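What follows is a single structure, written as structure tokens, with notes after it.
What you see is a predicted model, and the numbers here were worked out from it, not measured in a lab.
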Amino acid sequence: MSGRPPAPDGFDVLEQPSGLLFVASRLRDQVLAERLHDPRRWRELIGSGSDNTPGRGATACLTLVGGVPVILKRMRRGGLAGRFWRDRYAGKRRLLDNLAIPLEAARRGIPTAAPVALLLVSGPGPLYEGWLAVEEIAEARDLAASYRRGVDPPQRVLRAVAAMVRGMHDAGLEHRDLNLGNLLARERGEAEAEPFVIDLDRARLHGGPLPFRLRQRALRRLER
């Protein structure tokens with residue numbers, strides 16, 4: 001695989017026979033112990049995992065050596081392009097953004113799932129497959145799950161999530177698939193809730209706060 005891109009800060013990039021593995025330096029040994037440099041291992045784990053979480057790709061949960069829980073995901077496209085190349089991407093950039101954008105979002109104070117590893121496999125031609133691992137946010141539940149159970153989230157949860165969405169927009173993050181499944185909350189007793197936003201595939205980072213029209217677009221999507 002030619003033109004090896006640099007690893008983000010805090011990550012190593014390892015060239016494997018199967019492709020490129022980007023892995024958080026602090027979890028490198030644990031990720032390699034699980035053989036996540038091999039796409040066959042991802043397929044095995046995800047094939048035996050669940051497909052009922054929000055998003056376009058199947059997922060699975062895995063606990064690394066040392067007790068770090070991660071969520072594994074096969075990267076898949078949506079929309080018209082997904083009908084033809086559902087699990088292939090033209091070039092590496094969009095796949096690599098699944099590392100760069102969450103890392104920068106966290107630096108801007110936006111609570112999101114920390115990326116752990118990204119495996120890129122080339123072919124056919126200039127196309128790429130990708131598998132992504134992120135840390136599981138323990139004890140957090142997405143808002144969609146609450147409504148599916150017929151239970152409205154507590155007002156403290158809704159207030160915390162609404163404040164987080166506004167803070168995300170103030171920090172310049174445009175989430176292009178904002179929905180209840182991508183908004184999580186972890187309750188801390190009866191008076192506190194800790195919100196998170198996940199699935200930043202296709203998200204964009206701006207140099208300043210989002211303009212009104214982009215905020216409005218995101219909120220309208222959220223209302224659907």
Side-chain angles (χ1 to χ4, degrees), residues 46 49-61 69-82 86 94 97-99 101-106 108-116 130 132-206 209-224:
I46 292 174
S50 64
D51 196 16
N52 59 359
T53 54
R56 289 181 291 275
T59 63
C61 298
V70 298
I71 295 176
L72 310 177
K73 181 178 181 179
R74 175 76 175 270
M75 302 303 298
R76 287 180 172 166
R77 304 169 66 94
L80 181 62
R86 184 164 174 78
R94 178 171 164 184
D97 279 349
N98 283 276
L99 297 180
I101 290 179
L103 291 170
E104 176 58 24
R108 296 188 187 191
I110 301 166
T112 190
V116 170
L132 178 69
V134 301
E135 283 195 45
E136 182 180 8
I137 303 172
E139 301 178 5
R141 179 172 294 172
D142 66 79
L143 297 191
S146 296
Y147 287 113
R148 283 195 299 268
R149 297 196 319 274
V151 178
D152 291 346
Q155 286 298 310
R156 65 180 179 277
V157 168
L158 296 178
R159 286 194 297 268
V161 169
M164 188 267 299
V165 170
R166 177 168 183 172
M168 175 180 75
H169 290 163
D170 289 344
L173 178 64
E174 178 189 356
H175 195 307
R176 304 184 72 194
D177 188 24
L178 194 63
N179 61 65
L180 296 178
N182 291 331
L183 295 171
L184 280 60
R186 178 166 56 199
E187 296 192 58
R188 296 295 195 188
E190 297 184 0
E192 186 179 352
E194 189 178 4
F196 301 87
V197 61
I198 61 170
D199 194 5
L200 301 186
D201 185 39
R202 298 194 307 123
R204 292 178 178 172
L205 288 164
H206 295 254
L210 293 192
F212 175 76
R213 64 180 178 82
L214 293 181
R215 296 175 190 243
Q216 189 178 48
R217 180 190 300 172
L219 296 178
R220 284 178 176 169
R221 183 178 183 86
L222 189 57
E223 288 173 353
R224 286 189 285 172

Between CZ on residue Arg202 and CZ on residue Arg94, distance to nearest 0.5 Å: 6.0 Å
Straight-line distance of Asp142 CG to Leu180 CG, nearest 0.5 Å: 8.0 Å
With a 4.5 Å heavy-atom cut-off, do Leu200 and Asp97 have their side chains touching? no
Would you say that Ile110 contacts Val197 through its side chain, given a criterion of any heavy-atom pair below 4.5 Å between the two side chains? yes
Hey, could you give me the CD1/CG distance between Ile198 and Leu184, rounded to the nearest 0.5 Å? 4.5 Å
Would you say the side chain of Pro115 lies within less than 4.5 Å of the side chain of Asn98, judging by non-hydrogen atoms? no
Count the heavy atoms of every other residue, nucleotide or ligand shown that sit under 6.0 Å from CZ of Arg166, and state whether that count exceeds 12. no
Count the heavy atoms belonging to other residues, nucleotides or ligands that lie under 6.0 Å from CZ of Arg220, then report whether that count exceeds 12. no
Short side-chain to backbone donor-acceptor contact, Asn179 and Asp177, under 3.5 Å: yes
Report the residue from Arg186, Glu187, Glu139 that forms a side chain to side chain contact (heavy atoms under 4.5 Å, CB included) with Glu194. Arg186
Are Leu205 and Ile101 close enough that some pair of their side-chain heavy atoms sits under 4.5 Å apart? yes
Got a second to check how far Asn182's CG is from Arg221's CZ, nearest 0.5 Å? 9.0 Å
Hey, could you give me the CG/CZ distance between Leu178 and Arg217, rounded to the nearest 0.5 Å? 12.5 Å
Using a 4.5 Å cut-off on heavy atoms from C-beta on, say whether the side chain of Leu158 contacts that of Gln155. yes
Are side-chain heavy atoms of Asp152 and Tyr147 found at a separation under 4.5 Å? yes
Under 3.5 Å, side chain of His206 to main-chain N/O of His169, donor-acceptor pair present? no
Residue pair Lys73, Val134: steps toward the side-chain contact (heavy atoms from CB on, under 4.5 Å) verdict: CA-CA 8 Å; Lys73 181 178 181 179; Val134 301; over 6 Å; no
Heavy atoms, side chains only, cut-off 4.5 Å: are Leu210 and Met168 in contact? no
Are side-chain heavy atoms of Glu104 and Leu173 found at a separation under 4.5 Å? no
To the nearest 0.5 Å, what is the distance between OG1 on Thr112 and CD1 on Ile137? 6.0 Å
Do Asp170 and Arg215 sit within salt-bridge range, that is, some charged N less than 4.0 Å from a carboxylate O? yes
